[in-house]
There are 4 protein chains.
Amino acid sequence: MARGRKVNSNGEKSMKLLREKAIEIFSEYGYFQTKISDIVKAANVTQPTFYLYFESKETLYKEIITEFKFNLEEIFDDTVNEYEHHQDSKVTIQVLLTRIFNYFALNPHLTKIGLTESDMSLNGILSQKFKNICEKFVSNFLNNEIASHIFVQSLIGSVERVSLSALLEENMKPEKLAEEIVNIYFSREEATVSI
Amino acid sequence: MARGRKVNSNGEKSMKLLREKAIEIFSEYGYFQTKISDIVKAANVTQPTFYLYFESKETLYKEIITEFKFNLEEIFDDTVNEYEHHQDSKVTIQVLLTRIFNYFALNPHLTKIGLTESDMSLNGILSQKFKNICEKFVSNFLNNEIASHIFVQSLIGSVERVSLSALLEENMKPEKLAEEIVNIYFSREEATVSI
Amino acid sequence: MARGRKVNSNGEKSMKLLREKAIEIFSEYGYFQTKISDIVKAANVTQPTFYLYFESKETLYKEIITEFKFNLEEIFDDTVNEYEHHQDSKVTIQVLLTRIFNYFALNPHLTKIGLTESDMSLNGILSQKFKNICEKFVSNFLNNEIASHIFVQSLIGSVERVSLSALLEENMKPEKLAEEIVNIYFSREEATVSI
Amino acid sequence: MARGRKVNSNGEKSMKLLREKAIEIFSEYGYFQTKISDIVKAANVTQPTFYLYFESKETLYKEIITEFKFNLEEIFDDTVNEYEHHQDSKVTIQVLLTRIFNYFALNPHLTKIGLTESDMSLNGILSQKFKNICEKFVSNFLNNEIASHIFVQSLIGSVERVSLSALLEENMKPEKLAEEIVNIYFSREEATVSI
DNA sequence: TATGAATGAGCATTCATTCAT
DNA sequence: GATGAATGAATGCTCATTCAT
């Protein structure tokens with residue numbers, strides 16, 4: 001049987017395809033129920049080809065998680081920098097959430113992996129960053145440190161669940177979701193902002 | 001070790017021990033990384049003993065998930081029945097959350113399994129029930145159906161994340177957590193209740 | 001839970017019941033697919049009780065095979081003795097086959113085990129005996145040793161298959177079967193005998 | 001031994017070797033006493049290699065049985081077609097038996113499996129076909145339906161037993177066996193044919 | 001660059017058998 | 001005479017990974 005390089009084959013392409021298929025399948029079946037054989041079948045290559053581009057199943061998975069985390073932090077940092085001098089943190093947060101939800105909507109499989117992967121979760125990635133942003137706002141009406149800690153965790157939980165359900169499963173609009181969450185968390189006395 | 005019955009052995013006890021250890025180990029390592037051999041080692045019995053009491057690894061896991069779900073629904077239904085005629089749904093919810101958090105605190109391993117098991121999640125178990133309770137309250141200040149849907153999902157996400165982090169990892173008090181969550185979600189105009 | 005001797009229990013009875021059920025189940029499922037747990041379940045006792053009466057699964061099976069073989073040889077020897085001085089071996093054989101088929105019909109399960117158990121088969125049990133009987137008759141029209149050897153094997157094969165199919169599955173009459181077989185094998189020039 | 005492809009390894013060859021060894025071992029020890037580990041040891045490969053070529057132990061066994069059955073039916077049908085217009089069915093049967101015995105002699109292990117596997121047996125495979133061929137001949141001297149049914153079963157039993165004993169164990173000649181069987185069953189008035 | 005062929009290491013499950021009561 | 005509880009010893013099968021081509 002013929003062996004060796006496939007006609008029209010192209011390393012860059014194979015690698016990208018493998019990663020894409022891996023993300024799809026990981027997101028659907030989870031790490032342990034995803035077999036290398038499934039991934040390569042979906043990418044229409046053989047198992048050794050997988051190892052041409054990735055060190056191992058675990059490495060690829062970690063790369064994917066890292067990519068998710070990296071993108072998320074980038075969105076976060078960019079937004080914060082941009083809005084650094086904005087006086088109303090509520091606005092910042094609504095913009096931030098809108099961008100995050102938009103990113104999630106554009107990368108549903110990657111997001112499902114990132115949010116489901118319990119060892120990581122948004123909590124690990126964003127807890128401190130959210131804390132910083134919320135601080136100013138929160139200190140206005142929350143009387144103590146503990147309350148604000150819980151406030152942030154609660155917010156993160158909301159974002160996680162709403163992302164998995166309303167956004168990814170029910171296809172609601174990112175903007176709408178961001179607005180509603182901000183409404184819940186940051187509308188004690190004022191009306192919602194519109195951006 | 002010789003074959004046959006151990007001195008002072010007792011089936012009821014062995015089964016309970018196996019289930020307990022299984023819950024601990026499942027909660028720490030997850031379904032796929034938990035081996036029957038780990039469970040029986042922890043319970044100090046051999047593998048066939050496991051199959052004396054449980055049909056399979058999968059069956060046991062499902063039993064455990066079902067137990068969690070059942071207890072949670074029971075807490076929910078009992079509380080709702082008890083507070084059926086209470087006029088302030090905020091109070092009902094605060095009591096409910098307090099009880100749920102207390103149950104979680106008493107069953108940390110089981111809770112970790114239940115909340116981590118993505119296929120189920122609180123969402124699946126409690127979404128509709130929470131929706132019913134929140135409805136009255138929510139209609140007061142949320143103008144539409146979609147907003148209230150997101151409100152409920154957000155609340156569930158908050159409970160999930162706060163349970164996993166503040167409650168189980170940081171050992172915060174159930175009462176405190178319930179109070180704070182209610183403060184976030186149900187204190188538009190009024191002050192928090194104390195129970 | 002209560003342990004110890006069952007009310008009305010009786011060793012002799014348990015043992016007999018176990019053997020009977022074992023024969024039934026062995027005959028239906030074969031040695032390897034029959035589990036001790038099946039046998040004791042059918043006899044409504046527990047596994048250790050089995051070992052009270054039988055050394056092992058294998059021992060019981062061998063006992064059963066031996067019983068079959070013994071009975072068969074007894075029928076054979078009795079008949080041969082009885083008809084020792086009969087001049088027509090055709091008659092002897094028809095009587096013999098009738099008795100064998102009758103025994104098979106009365107012990108269908110045991111027979112199925114005995115005839116299916118390839119390591120034994122009628123061949124091992126009866127080959128030599130049949131040879132002796134047939135000899136006189138055979139020498140009349142078979143010219144050589146080899147032919148008579150095949151003649152006997154063929155006869156045994158016929159008895160085996162007819163027993164398993166026509167007798168045990170289709171419930172044909174033992175007498176009829178014996179007559180037909182004799183017709184096939186011993187009716188060169190003469191008419192069939194009637195007994 | 002290192003992992004990965006062996007020097008000069010060749011899938012086709014491995015698969016064939018595995019099947020051959022499987023047939024040998026199945027025929028010697030039977031289905032239940034044959035372990036995958038025995039088969040792969042004999043073929044000098046490891047267990048996963050077995051599963052590279054066969055779905056399961058059971059599947060392979062069934063494939064083997066099917067192969068036996070298929071070959072046998074082919075011999076049968078070819079012969080019958082070839083001798084369709086021959087007037088003497090005795091000749092047809094003698095040719096047929098000769099060919100069957102030759103096939104058995106060339107495939108002793110496969111034959112042992114096929115004839116021992118009680119759920120199938122020649123009876124299941126050939127009963128109806130033999131019935132058709134014998135019909136013409138049988139009607140000449142057998143007065144009724146039942147007698148002819150038993151005649152066919154008897155013939156099949158003869159073929160089975162003679163194959164297992166005289167042919168495979170005692171290495172008698174296929175031609176000789178066919179001749180003798182025909183002599184027994186089809187020589188009422190005439191002499192045996194020689195082919 | 002890519003594949004055909006193979007393997008190391010592990011894991012869930014089964015079953016005959018045996019002790020302690 | 002009989003049982004509840006337990007175990008030793010397999011055994012089929014899977015999967016990530018790796019060599020030779």
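Reminder, nothing fancy here: chain letters follow the sequence lines and each chain counts from 1. Below, all heavy atoms of this structure are taken into account, side chains as well, without hydrogens, waters or symmetry copies.
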Least distance between heavy atoms, D:Phe68 atom then D:Thr111 atom: CE1-CA, 3.7 Å
D:Glu58 bridged to D:Lys62 by N-O distance under 4.0 Å: yes
Atom-pair distance (NZ on D:Lys41; P on E:dT7), nearest Å: 14 Å
Main-chain N/O of D:Ser27 paired to D:Lys112 side chain as donor or acceptor, under 3.5 Å: yes
Candidates F:dG8, F:dG4, F:dG12 - which lies nearest the side chain of D:Lys35: F:dG12
Length of the line joining B:Gln47:CD and F:dT11:C1', which is rounded to integer Å: 13 Å
Whole-Å gap separating C1' (F:dT14) and CG (A:Asp38): 12 Å
Sugar-phosphate, base or nothing in reach of D:Phe54, heavy atoms under 4.0 Å: nothing
Closest-nucleotide 5' rank along DNA chain E - winner of B:Lys57 and D:Val45: D:Val45
Heavy-atom closest pair, residues C:Thr34 and C:Ile25: OG1-O, 3.3 Å
Separation of F:dA6 P from B:Asn10 CG (nearest whole Å): 7 Å
Touch class at under 4.0 angstrom, heavy-atom based, for A:Thr34 against every strand present: sugar-phosphate
Parallel, tilted or perpendicular: rings of B:Tyr61 and B:Phe26 (30°, 60°): perpendicular
Distance below 4.0 Å between D:Ser14 side-chain N/O and E:dA6 OP1 or OP2: yes
Under 4.0 angstrom between B:Ser9 side-chain N/O and F:dG4 OP1 or OP2: no
Minimum heavy-atom distance B:Leu60-B:Ala22, with the two atoms named: CD2-CB, 3.6 Å
Sugar-phosphate only, base, or nothing, as touched by C:Thr49 at under 4.0 Å among non-hydrogen atoms: base
Polar side-chain contact D:Arg3-E:dG8 base: donor and acceptor under 3.5 Å: no
Whichever of D:Tyr51 and B:Leu52 has its nearest DNA chain F nucleotide further upstream toward 5': B:Leu52
Between C1' of E:dA2 and CG of A:Leu17, the distance in whole Å: 14 Å
Spacing of B:Lys13 atom NZ relative to F:dA6 atom P, expressed in whole Å: 9 Å
Protein-nucleotide distance (D:Arg5, atom CZ; E:dG4, atom P), rounded to Å: 9 Å
N/O (side chain, A:Tyr53) to phosphate O (OP1/OP2, E:dT1) under 4.0 Å: no
Nearest-nucleotide 5' precedence on DNA chain F, B:Glu12 against B:Pro48: B:Glu12
Shortest side-chain distance from A:Ile36, nucleotide among F:dT17, F:dT18, F:dA5: F:dT17
Selected nucleotide, minimal atom distance to C:Thr46 side chain, candidates F:dT3, E:dA2, E:dA5: F:dT3
Atom pair distance, as rounded to whole Å: CZ in D:Phe50 and P in E:dA5: 17 Å
Aromatic C:Tyr31 / basic C:Lys57 pairing, under 6.0 angstrom, 45° off normal: yes
Of B:Phe32 and C:Tyr31, the one whose closest DNA chain E nucleotide lies more 5': B:Phe32
Non-hydrogen atoms of C:Leu18 and C:Tyr53 that approach each other most closely: CD1-CD1, 4.0 Å
Helical stems, DNA chain E - three or more consecutive Watson-Crick or G-U wobble pairs below 3.5 Å: E:2-21 with F:2-21
